[in-house]
Every structure is written in structure tokens, then in C-alpha cells.
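Before any comments, here is the structure.
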Amino acid sequence: MARTAGLAVTAQPVWDEDHDGGALQNFLKEIRCDGVDAVMVTMRVVGCDLGEAQRMFWTAPCRAAELAFHNSVMEGLEQSQGDV
């Protein structure tokens, strides 16, 4: 919690500049704030719920590699369900 609170303070000016979720995610990625931490920081900075923060995370162009990995894992899990 302390880490994400500190990162939120650092990221707040990026959001305040133009309320751009993509710019916020770019900034978070640059400072190596990824995954769950990035979603939690997004919630704090934007003042949104978990669903909106996840959408901002997954739809940001800079998160394309994370999205591709996530989709690959989910596809593998779905395919393995048929093997049981």
C-alpha cells in the first residue's frame, strides 16, 4: 500500500495534465510500475473503480505485450479445460 501510495503521488501530475489514461500508463511503465501495482496506482490517481483501472491498463498501447501474454495464458487455460 505504501509503495502504490507513493507512486500515485508521483503519477498524479501526469494525470492532472490532460486526463489521458494512455499517458498515465506510459509514465507508469517508464517508472517500472506494472501489473497489479499499475492498476492500483491508476485507481488512486484517477479515482476510479477496479474495472475502469483495468480497462485503462489493458487498452493502453504501451501495455500491448502484457495484453498479448495475458490473452495467451487465458487461451491456454481455456484449451486445457477441454483436456480434462
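Note on Val41 and Val46: same hydrophobic cluster, where clusters join Ile, Leu, Val, Met, Phe, Trp and Tyr whose side-chain heavy atoms are under 4.5 Å apart, directly or indirectly. Cluster membership check: Val36 shares its hydrophobic cluster with Leu50, using side-chain heavy-atom separations under 4.5 Å among Ile, Leu, Val, Met, Phe, Trp and Tyr. Both Met43 and Trp58 sit in one connected hydrophobic cluster of ILVMFWY residues. Membership requires side-chain heavy atoms under 4.5 Å apart, directly or through other members. By the criterion of side-chain heavy atoms lying less than 4.5 angstrom apart, applied directly or through intervening Ile, Leu, Val, Met, Phe, Trp or Tyr residues, Val45 is not grouped with Val9; the two fall into different hydrophobic clusters. Note: the hydrophobic cluster containing Phe57 also contains Met40 (ILVMFWY, side chain heavy atoms under 4.5 Å, direct or indirect links).
Taken to the nearest 0.5 Å, the CD1 atom of Ile31 stands 5.0 Å off from the CG atom of Leu7. Expressed to the nearest 0.5 Å, how far CZ of Arg55 lies from SG of Cys48 amounts to 8.5 Å. To the nearest 0.5 Å, the span separating SG on Cys62 from CD on Glu30 amounts to 8.5 Å. Note that the OG1 atom of Thr59 and the CD atom of Gln54 stand 11.5 Å from one another [nearest 0.5 Å].
For Thr42 (side chain) and Ala38 (main-chain N/O), a donor-acceptor pair under 3.5 Å exists by modelled atom type.
Counting only heavy atoms from C-beta outward, the side chains of Glu66 and Lys29 approach each other to under 4.5 Å.
Closest approach of Arg3 to Cys33, counting heavy atoms only: NH2-CA, 4.4 Å. Smallest separation of non-hydrogen atoms from Leu28 and Arg63: CB-NH2, 3.7 Å.
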